[in-house]
Every structure is written in C-alpha cells, then in structure tokens.
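Working notes, beginning with the structure itself.
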2 protein chains.
Amino acid sequence: MQLDEAKEKFIQAWGTLGSNWGINRTMAQVHALLLASANSLSAEDIMAALRISRGNTNMNVRALIDWGLVYKEIRSGERKEYFSAEKDIWHVFKQIAKERRKRELEPIFRVLNDLRHVEGDADNQELKAFTETLRGIHTFASKADNTLDRLIRADESWFSNAFLKLMK
Amino acid sequence: MQLDEAKEKFIQAWGTLGSNWGINRTMAQVHALLLASANSLSAEDIMAALRISRGNTNMNVRALIDWGLVYKEIRSGERKEYFSAEKDIWHVFKQIAKERRKRELEPIFRVLNDLRHVEGDADNQELKAFTETLRGIHTFASKADNTLDRLIRADESWFSNAFLKLMK
DNA sequence: CTGAATTTTCAAATAAAATTGAAAGTAATC
DNA sequence: GATTACTTTCAATTTTATTTGAAAATTCAG
C-alpha cells in the first residue's frame with residue numbers, strides 16, 4: 001500500500017472511531033491528518049486534504065487546541081498559522097480522558113448525586129429500587145472516577161506498571 | 001424532591017450521558033427508565049413514560065437486549081412481554097465495555113494494524129512520521145485492550161482490589 | 001493610520017440520525 | 001384455521017447535528 005492511500009484510510013478510521021464515541025467526525029479527521037503529518041499544516045493544507053470549508057476547518061482546529069491535542073505554530077516572517085498534533089499517544093489519551101471527564105462525566109455525576117436525596121415513604125418499593133440504583137451508580141462512579149483521576153496524572157511507566165501488576 | 005421528578009431527571013441525565021458517548025439518547029433513556037423501576041415494564045409502559053412511539057420503543061428495547069443490559073420476561077397467562085434491566089452496575093459496566101470493544105474498537109484496530117505495512121523509501125520523513133504514529137497507537141492500544149479484556153472478565157472484587165492496589 | 005492577509009463568526013443550507021405509524025408478520029387461543 | 005393480541009419492520013417524515021461561505025473582525029506590515 002502507498003503512503004497516501006494508507007493516510008487516507010487512517011483518517012477515515014480515526015474519523016469513524018471518533019464518531020462512534022460522540023466526537024465530531026471531522027474533528028477526529030483533522031486530528032488524524034495532523035497525527036499523520038511530519039510537518040505542521042496551515043488551514044489551507046487541511047481544507048485541501050480533507051476537502052472541507054474554511055469555517056469548518058477553523059472550528060475544528062480550535063476545538064482540538066481547546067482539547068490540548070493540537071498546537072499552534074507561528075513561523076517567523078509568515079502571517080499564516082500552522083498546526084501540529086501532539087504525537088505522544090499516551091499523552092493524547094490522558095488529555096482526552098481529562099477533557100471528557102471534565103465536560104461529560106463530572107456534570108452528569110453531580111446531577112446523579114443530587115438525586116440521591118429523594119423524599120418519600122421508606123417502604124415504597126419504587127423508591128427503594130430507585131435509590132438502590134443510584135447508590136450502585138455512585139459506588140461504581142466513585143471508584144472509576146478515582147482511578148481515572150490517577151490515570152490522568154500518571155506517566156506512561158505508571159500505566160505499564162499498573163498493567164503488569166494487574167496481569168498477575 | 002419527589003420520586004417522579006427525580007426519576008425524570010435521572011432519565012434525562014442518563015440520556016445525555018449516552019448521547020455524549022455515541023449512544024442513541026432514547027436507548028439510554030429506556031435503559032434509565034428500567035434501571036429506575038422496581039418492576040418490569042411492558043412496551044406500553046415505556047411508550048407512556050417516555051412519550052415515544054411503539055416502533056421506537058421496540059427498536060431500542062431490542063438493542064438493549066442485544067447489548068445484554070435488559071432481559072425479557074414472560075408472565076404466565078399474559079401474552080405481553082415485560083422488560084427489566086440488569087441492576088448490578090458493575091455487570092452493566094462490563095457488559096457495555098465488552099460490547100463496545102467488540103463493535104467499535106476491534107474493527108478499527110484491525111484496520112489500523114493493516115496500515116502499519118506501508119511500502120516506501122526508508123528515509124522519507126512523511127512515511128517515518130506516519131509509521132511512528134501508528135506504532136505509538138498500536139503500543140498503547142495493545143496495553144489498553146489487554147487491560148480492558150481483563151476488566152471484562154473480572155468480578156467486582158477484582159476491580160476493588162485493583163483499585164486499592166493502584167491507590168498506593 | 002491604512003490596507004492587505006488572515007482568522008473568526010454565525011445564519012442559512014445540507015446532511016445525518018432518529019422517529020413515527022401503519023402495514024406486515026407472528027404466535028397463542030379457541 | 002380463524003381470530004385476536006401482540007411484535008416487528010421500514011418508507012416517509014421529523015429532528016438534530018454538521019457544514020458552508022460570505023461578512024465581520026482581527027492582526028500585522030508599511
């Protein structure tokens with residue numbers, strides 16, 4: 001397979017992966033394009049490579065910068081901005097985990113926790129079932145969130161070590 | 001807060017959570033409704049509670065059964081089917097992880113692995129950058145996939161233990 | 001300052017995903 | 001084997017999400 005074909009397939013696959021997990025497909029594709037490029041790219045480069053509009057390019061590049069996955073580069077003597085992706089995949093993963101936790105998990109878990117104090121008759125079966133479900137979610141979410149937090153702060157050797165530990 | 005209001009908010013929150021992570025919002029809401037119910041519910045009950053059509057109800061209940069998150073119940077003497085959710089949250093989590101791995105991770109990682117054999121000049125910088133990115137993804141994905149696999153097979157005490165181990 | 005290069009915004013258009021509902025299918029009962 | 005009580009399917013519709021592109025804003029160089 002030739003490089004161009006492989007890159008194209010990589011971009012498609014990464015886009016599908018993102019899309020399946022609630023990330024805008026184009027955002028994931030821009031990310032893939034930058035991950036697969038040796039050099040930083042301008043908005044024009046991205047527009048041409050993915051055949052998308054300037055507005056779309058701008059929005060998604062900004063989002064990737066907000067997510068801490070893409071960096072802006074200013075080349076001296078040039079006015080145009082160039083963009084490059086963070087290439088350390090462990091760092092990329094942590095960054096995504098961190099942002100998604102902040103944006104999509106924390107707010108929901110805050111709501112779920114508030115719901116645990118429902119007033120009502122102690123031997124109402126419906127109420128019991130509901131609070132029991134919320135309790136289960138809370139117990140699980142606390143452990144998971146704590147583990148995730150540790151993961152986000154850890155370096156790769158921690159992950160490898162943890163991985164090995166858990167293997168036994 | 002009254003039970004009905006709390007249930008409603010729970011259903012909304014669970015729907016938003018699913019939607020953010022690439023799961024059909026209604027499917028997540030049906031799941032929430034069943035998670036919050038003491039007794040199994042019929043299609044009519046679900047239609048009424050969520051104000052959705054019969055077709056929609058049927059599709060999403062079937063999907064939840066496919067995912068192993070909801071069980072069908074036949075009450076003797078009744079023709080109607082009733083549905084109840086798996087309430088053990090640790091089991092629910094493992095089941096979701098298992099299904100998503102199978103449906104959305106494995107196929108993509110198979111594609112990405114194929115892309116690692118790209119032909120071309122060994123000192124082409126673009127080629128080097130591309131293969132290096134794929135190598136990084138592969139290394140990470142292998143570890144993550146293995147950990148996930150172990151998680152899926154584990155029981156809750158394993159998770160709690162692992163959690164404690166990783167805390168130190 | 002002024003103007004050219006570039007980026008950003010966002011209302012309107014388009015595309016994608018989800019939903020409806022009625023017709024077709026299935027299965028239990030008499 | 002016909003009737004009834006459901007469940008399933010899927011083309012058409014509706015809703016939601018994404019994308020476009022042109023106008024406005026910004027930034028830099030002279």
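Chain naming here is simple, since letters A, B, ... match the order of the sequence lines and numbering starts at 1 in each. Source: prediction; values computed, not measured.
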Calculate the interatomic distance between [X] atom [atom1] and [N] atom [atom2]; express it in whole Å.
{"X": "B:E81", "N": "D:dA5", "atom1": "CD", "atom2": "C1'", "result": "12 Å"}
{"X": "A:E73", "N": "C:dT7", "atom1": "CD", "atom2": "C1'", "result": "17 Å"}
{"X": "A:N60", "N": "D:dT20", "atom1": "CG", "atom2": "C1'", "result": "13 Å"}
{"X": "B:Y82", "N": "D:dT7", "atom1": "OH", "atom2": "C1'", "result": "14 Å"}
{"X": "A:I74", "N": "C:dA5", "atom1": "CD1", "atom2": "C1'", "result": "13 Å"}
{"X": "A:N58", "N": "D:dT26", "atom1": "CG", "atom2": "P", "result": "14 Å"}
{"X": "B:R51", "N": "C:dT19", "atom1": "CZ", "atom2": "P", "result": "14 Å"}
{"X": "B:L64", "N": "D:dT8", "atom1": "CG", "atom2": "C1'", "result": "16 Å"}

Would you mind building the protein contact string for nucleotides 22-30 of chain C? One character per nucleotide, 5' to 3', B for base within reach (heavy atoms under 4.0 Å), S for sugar-phosphate only, - for untouched. -----BBS-
Looking just at side-chain N and O atoms, do B:E73 and B:S40 make a donor-acceptor pair shorter than 3.5 Å? yes
Can you name the residues that form a side-chain hydrogen bond (donor to acceptor under 3.5 Å, both in side chains) with [X], not counting sequence neighbours?
{"X": "B:N24", "value": "none"}
{"X": "A:E81", "value": "A:R62, A:K72"}
{"X": "B:N60", "value": "B:N56"}
{"X": "A:H138", "value": "A:R116"}

Applying ring-ring contact (aromatic ring centres under 6.0 Å, His included) to A:F130 and not counting sequence neighbours gives B:F10
Between D:dT9, C:dT8, D:dT19, which nucleotide gets closest to the side-chain atoms of A:R62? C:dT8
Selected nucleotide, minimal atom distance to A:I52 side chain, candidates C:dT9, D:dT20, C:dT19: D:dT20
Please state whether the phosphate of D:dT20, meaning OP1 or OP2, lies under 4.0 angstrom from any side-chain nitrogen or oxygen of A:N56. yes
Rounded to the nearest 0.5 angstrom, the CD-CZ distance for B:E86 and B:F93 is 14.5 Å
Show which residues join A:I65 in its hydrophobic cluster (side-chain heavy-atom contacts under 4.5 Å, direct or indirect), or state none. A:I11, A:I23, A:M27, A:V30, A:L33, A:L34, A:L41, A:I46, A:L50, A:I52, A:V61, A:L64, A:W67, A:L69, A:V70, A:F83, A:V92, A:I96
Which ILVMFWY residues are connected to A:M47, directly or by a chain of links, through side-chain heavy atoms under 4.5 Å apart? none
Under a 4.0 Å heavy-atom cut-off, which of residues 10-32 of chain B touch DNA chain C? B:N24, B:T26
Using the closest heavy atom to pick a nucleotide of DNA chain D for each, name whichever of B:F83 or B:M59 lands nearer the 5' end. B:F83
